[in-house]
Amino acid sequence: MTVDPRAALDRLVAALEAHYTAVVSKHGEDDPAVDDAYDVLADAFEVYDDALGTVHGEATPFYLAEEDDDDDLDEDDLDDESDVDLDDDELADADA
């Protein structure tokens, strides 16, 4: 089933508006309304991009980043993971 790109664009614009409304009126850092609006926006974007490609052979200059399960990592966690623990023998070899 091919979606009309114009209808998909209208849906994308509406999703952008809904996402903005959810963000400016959010209740706390983990407001589920923002998460829901994000998901609707991401879906609307994919439908529009696919419709544009199917009907007109064109694409938007945007892409959706893949979601990581490591969203809870902060910079300190990343720094800790890159630290290498060397024992005394390895330190002596590194100094030589």
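The salt bridge (charged side-chain N to carboxylate O under 4.0 Å, His left out) check on Asp36 picks up nothing, with sequence neighbours excluded. Scored by the side chain to side chain donor-acceptor pair (under 3.5 Å) test, Asp39 finds no partners at all (sequence neighbours excluded). By the salt bridge (charged side-chain N to carboxylate O under 4.0 Å, His left out) test, Asp10 pairs with Arg6, sequence neighbours left out.
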Show which side-chain atoms of residues 44-56 pair as donor or acceptor with protein atoms under 3.5 Å away, not counting sequence neighbours.
unit_1: Asp49; atom_1: OD1; unit_2: Thr60; atom_2: N; d: 2.9
unit_1: Asp49; atom_1: OD1; unit_2: Thr60; atom_2: OG1; d: 2.9
unit_1: Thr54; atom_1: OG1; unit_2: Asp50; atom_2: O; d: 2.9

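When the shell of 6.0 Å around CG of Asp30 is examined, it contains 12 or fewer heavy atoms from other residues, nucleotides or ligands.
Hydrophobic clustering places Phe62 together with Leu16 (ILVMFWY residues linked when any side-chain heavy atoms are closer than 4.5 Å, directly or through intermediates).
Through chains of ILVMFWY side-chain contacts below 4.5 Å, Val34 is grouped with Val23.
Nearest heavy atom pair, residue Ala18 against residue Ala37, reads O-CB, 4.2 Å.
Interatomic distance, CZ of Arg11 versus CG of Leu41, reported as 10.0 Å (0.5 Å rounding).
Sequence neighbours left out, not one pair with a member in residues 12-28 passes side-chain hydrogen bond (donor to acceptor under 3.5 Å, both in side chains).
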